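Here's the structure, in structure tokens; my notes come after.
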Amino acid sequence: MKETILCGKVLAVVFKNEVTGYAVVRIAVPGGGKPVTAVGHLPHIAPGEGVTAEGYAGNHPTYGEQFFIEKAARTLPETPGDIKAYLASGVIRGVGKVTAQLIVDKFGADTLRVLEKEPEKLTKVRGINEAGAKRISSGFLRHMGLKLLLEFLASHGLDTRCAALLLRNYGSDARAKVRENPYILAHPDYGAEFHLVDAMALREGMARNSPLRCQAALLHQLHYNTEIGHSYLPRAKLLESTESLIDCRDDGALSGALDILCEKRQIAVGKSPGSGADICYLPELYQAETGVAEFIAQRSKAAPAPGPEIAKAIAQIEAEIGLSYAPAQREAIELAVLCPLFLLTGGPGTGKTTAVSGILRLMKRQNLRVSLAAPTGRAAKRMSELTGESATTLHRLLEFMPDPESGAFRFLRNEKNRLPADMVIVDEFSMVDVLLFERLLRALAPGARLVLVGDPDQLPSVGPGQVLADIISSDSVRSVHLREIFRQAGESAIVTSAHSVNMGVVPPLRNKDDSDFFFLRRTAPEEALRAITELCAERLPRRLGLEPSQIQIITPTRKGPFGTVALNKALQEALNPPSAEKAEKQYGDTTYRVGDRVMQTRNNYNLVWIQSGDGGVGVYNGETGVIESVDTRYETLTVRYDDHLVEYPFDILGELESAYAITVHKAQGSEYTAVILAIMNGPPPLLTRRVLYTAMTRARRWLIVVGDETVFARMTANTAQPKRYSALRERILPLRQTAAASEGAPPSEEGGKQVKLLSPASERMAQ
């Protein structure tokens, strides 16, 4: 096709995608001819701008004649009329048609220069005070900086969603910073794909064996592997995988870059406690892993034998609540109050909550302070409901807030500001990664007991490490594993079926009217999708009286015809269709509509709660809420989480995704009234027994599995588990031996003197 040049002025923006920058515009051409419809990459285009575009004219089968833009140069509007149209289009938050008219009436063709160079003059406009003038000027400068940055990123084929955060962090220097070091875009905070950033850097003249390139690639490999669960990488594997990543055959360049990163303390290299080989960590992970190992080794001493006071107190509790604890539960209660560190594990229906409630009652009888926590808000809420005591997330317990002096976000509870608790109980501990666990350990008061509660057969933490598995395999912590399924739980087909799967046995997939577990055989994705939609929208609300909000769809995968992306599109259409009464915002490929269920997909420590009982900050990966409002004028969207409201600027909506359907990994730690589990063929690493078991145990009252029974059976038989690089177990063992030797007793020694429960004051003195 013949390329031509199109010059003109933007009359109207018909459509624009703020994530990709793609737009459809109407352009007025010189001489007063018929306006041209043009399509292409025009980030943050606005009426009134001038456009000189290279491309070609064509005919769209649906929309008719169009000019397809391949490259475009843009100029700011110059005439008062064009400037008014430009400002009135909403390019500056809070400036609408009326304010735009007043500003242009005052300054005419000089308006944009005033906004940029002399914003104080804006106070001469009726209704604009000093604060408003600063806001309008900063909004204009931000818009201009964002537009230039978007154009630069898009010209290299990079995802433009990181532009707003770059601008927030670097201000007007953002574009220069990216040119100076393109690899900042590949940092996890910005999320650009490394291979695209690397391609851009090479096009801009970066040498293949440049120290900057090699260092960036090494750090990227470590960050990437941390995100998939590894605490470290062996040095040899790090160098090998990085060489493959950037096709750099210069061994000296990569090893030299690694040495430089070590000198700069951006990578920590140590010896594997097992093999003695060099292993490489991000510094915070090395500190976390060694710190956790030291803590566990110090607290791995055998507990004294329980004295008659404890047995008597437990008997009194049993009389008060009208039940007798099982022997394993009684042992757990005794050890929890005696051990500085105790581990309670078990599957669904084995009485973990009853044991935890007994621990709480025993501690209360001694006026000892107990804090309850869990990794997620839903898990903390469930813990509160089951125990009748207040529970919170670990982040809130540790007061993750802006530092009062520096303003930087950090845990305010630490070794200098300890938790005011004599015992901390953490539920759903399988979800806790090594970084968060080390932060908790720093904040424990001297002499405080720590009780960890979890199910070792569930999926490991999303974050780095495998803390629960490493602690169990080290055999260094006093623990009780509850195995008995109690009568009431044993009557649940959900519980018995989950335990069957955990033992490698496919449970009966027959449907009974009085059951709480149903299987709907659907082998074609379109049939399964139709069944799930009908279950959510009609059948379960009608037959069980459930609200759609009480039903959670879970699937192992994100992609494919049965992944979360496809399911969410269908479920949004069925459960929350477009309506004139519901505001919405299109961002990328996602429509965010009032009433939609959404999930936060990354930790964001800067989001301040705008409505809550006790204030707070931060929204964490996996938290789910409901969109309460969409404000297109001020470009904000608000989400109602369990106990607080959070406002999102439009430029970070990429952190939210639809949550009618979520992955099993995202569901971990939560429990739902009804779960619909979608089981279809998919990637083998996701079709495992542990994934299936974790998914099934998310259901509290009803579990409906929709899909293929052969895939169900294959998952039950598949015990494969991805290997994680973690040295926690190997670090604990030698430290434990050293700690035991310093005490003059072998680590496995039982017995000890008879003890009584201590008051907080006397216990701290005893330490």
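Small disclaimer: the values here were computed from a predicted structure and weren't measured. Keep in mind that the numbers below use all heavy atoms, side chains included, and drop hydrogens, waters and symmetry copies.
M423 has its side chain within reach of I359: a pair of non-hydrogen atoms, C-beta onward, lies under 4.5 Å apart. A heavy-atom distance below 4.5 Å is found between the side chains of N621 and K666. At least one side-chain heavy atom of L233 sits under 4.5 Å from a side-chain heavy atom of L222. For the pair I425 and L360, the minimum side-chain heavy-atom distance is below 4.5 Å. Residues V356 and T353 fail the side-chain proximity criterion, which asks for heavy atoms closer than 4.5 Å. In this structure the side chain of E289 reaches within 4.5 angstrom of the side chain of S726, judged on heavy atoms. Two residues are said to be in side-chain contact when any heavy atoms from C-beta on lie closer than 4.5 Å; S272 and E730 fail this criterion. Side-chain contact between L656 and I627 is absent, with no heavy-atom pair separated by less than 4.5 Å.
Minimum interatomic distance between A288 and V434 (heavy atoms only, all atoms of both residues): CB-O, 3.8 Å. The minimum heavy-atom distance linking L450 with L452 is given by the pair CG-CD2, 3.8 Å. Residues A332 and L344 approach most closely at CB-CD1, 3.9 Å, considering heavy atoms. Taking every heavy atom of both residues into account, A374 and A380 meet most closely at CB-N, 3.6 Å. The two residues P348 and V495 make their nearest non-hydrogen contact at O-CG1, 3.6 Å. When all heavy atoms are compared, the tightest approach of G669 to M431 is CA-SD, 3.2 Å.
Counting only N and O atoms by type, the side chains of Q550 and R701 include no donor and acceptor under 3.5 Å apart. The closest side-chain donor-acceptor pair between R700 and T673 falls under 3.5 angstrom. A side-chain N or O of T624 and one of R378 form a donor-acceptor pair less than 3.5 Å apart.
Distance OG/S473 to CD1/I732: 7.5 Å, rounded to 0.5 Å. Atoms CD and CE, from E671 and M383 in turn, are 13.5 Å apart once rounded to the nearest 0.5 Å. We find the CG-CG distance between L398 and L436 to be 6.5 Å, quoted to the nearest 0.5 Å. Put simply, OH on Y286 and CD1 on I279 are 8.0 Å apart, with the number rounded to the nearest 0.5 Å. The distance from atom OG1 of T694 to atom NE2 of H665, rounded to the nearest 0.5 Å, is 8.0 Å. The distance from the CG atom of L343 to the CZ atom of R478 is 12.0 Å, given to the nearest 0.5 Å.
Within 6.0 Å of atom NE2 in H395, more than 12 heavy atoms from other residues, nucleotides or ligands are found, so the atom counts as buried in its surroundings.
No donor-acceptor distance shorter than 3.5 angstrom exists from the side chain of R731 to the backbone of P273, with no hydrogens or angles considered. Between the side chain of S658 and the backbone N or O of Y660, no donor-acceptor pair lies under 3.5 Å.
Ring geometry, F295 versus F437: the interplanar angle exceeds 60°, so the pair is classed perpendicular (tilted spans 30 to 60°). Using cut-offs of 30° and 60° for the angle between ring planes, the H230 and Y725 rings count as tilted. The aromatic rings of Y648 and Y641 are tilted relative to each other, their planes meeting at an angle between 30° and 60°. A tilted orientation is assigned to the rings of Y281 and Y232, their planes being inclined by 30° to 60°.
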Pair R597, Q552 - check side-chain hydrogen bond (donor to acceptor under 3.5 Å, both in side chains), show working.
CA-CA 10 Å; R597 195 184 310 175; Q552 182 62 61; 3.1 Å; yes
